[in-house]
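Contents: one structure, followed by commentary.
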Amino acid sequence: MSDIESAVRRFVEAFNASDWRGLAGLLAEDVAYDPAGGERLIGRQAVHEHLALQAREGRRTLEDLAVFRTEDAPRAALECTLRLDAAPDGARTRRAAALFFDIDDGWISRITAYERPAG
């Protein structure tokens, strides 16, 4: 497994464990995060706060993982299913998702996320 694929898998492990501090520790200080349907966030702390706030809506996990990486650039893509177990009403939803990563010097420096209803 490459260092790039390893960084993506560590991101998924932290995400699935709702370990937002651990996840933030994988990010470059000036990381750019483009969440699905949201405005760009800049900085490790902004991403940490965004993900922690989302967690209040319910537990999110990334499943059915397929990681793709380029041979000539420090980039990777993750195709997956985003599962949301909503806290207030117990509803469960599943969405097809894709995340794109740039990795610089071992740090995740950019994440772009896309989601659509699975089905």
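Along the sequence shown, the residues carry numbers beginning at 1. Values in this document were obtained by computation on a predicted structure and should not be read as measured data. Reckoned from all heavy atoms, side chains included, excluding hydrogens, waters and symmetry mates.
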State yes or no: do Val12 and Leu23 share one hydrophobic cluster built from I, L, V, M, F, W and Y residues joined by side-chain heavy-atom distances below 4.5 Å, directly or via other members?
->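 Val12 clusters together with Leu23.
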
Same cluster (ILVMFWY, side-chain, under 4.5 Å), Phe101 and Tyr114 =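 Looking at the clustering, Tyr114 is in a separate group from Phe101.
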
Look at atom CD of Glu79 and say whether more than 12 heavy atoms of other residues, nucleotides or ligands are closer to it than 6.0 Å.
->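 It does not: Glu79 CD has 12 such atoms or fewer within range.
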
Rounded at 0.5 Å granularity, tell me how far [atom1] in [X] sits from [atom2] in [Y].
X: Ile4; Y: Asp102; atom1: CD1; atom2: CG; answer: 9.5 Å
X: Asp19; Y: Leu51; atom1: CG; atom2: CG; answer: 11.0 Å
X: Arg69; Y: Ser6; atom1: CZ; atom2: OG; answer: 11.5 Å

How close do [X] and [Y] get, heavy atom to heavy atom, and via which atoms?
X: Ile42; Y: Ala46; answer: O-CB, 3.5 Å
X: Ala28; Y: Ser109; answer: CB-CA, 4.1 Å
X: Ala7; Y: Ile108; answer: O-CD1, 4.1 Å
X: Glu57; Y: Leu84; answer: O-CD1, 4.2 Å
X: Gly106; Y: Arg10; answer: O-NH2, 4.4 Å
X: Gly22; Y: Ala14; answer: C-CB, 4.3 Å

Any ring-ring contact (aromatic ring centres under 6.0 Å, His included) involving residues 17-72? Give me the pairs, sequence neighbours left out, ordered by first then second residue.
->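 Of all non-adjacent pairs touching residues 17-72, those that pass ring-ring contact (aromatic ring centres under 6.0 Å, His included) are Phe15-Trp20, Tyr33-His50.
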
Answer yes or no: is there a donor N or O on one side and an acceptor on the other, between the side chain of Arg44 and the main chain of Leu27, under 3.5 Å?
->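 Yes; at least one donor-acceptor contact below 3.5 Å.
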
State whether the side chain of Asn16 and the backbone N or O of Leu62 hold a donor-acceptor pair below 3.5 Å, judged by distance alone.
->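 Present.
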
Arg110 versus Thr112, side-chain donor and acceptor atoms under 3.5 Å =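 Thr112 vs Arg110: donor-acceptor pair found between side chains.
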
Hey, which of Arg59, Arg94, Arg95 is the one that makes side chain to side chain contact (heavy atoms under 4.5 Å, CB included) with Arg83?
->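 Running side chain to side chain contact (heavy atoms under 4.5 Å, CB included) over Arg59, Arg94, Arg95 with Arg83 returns exactly one hit, Arg94.
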
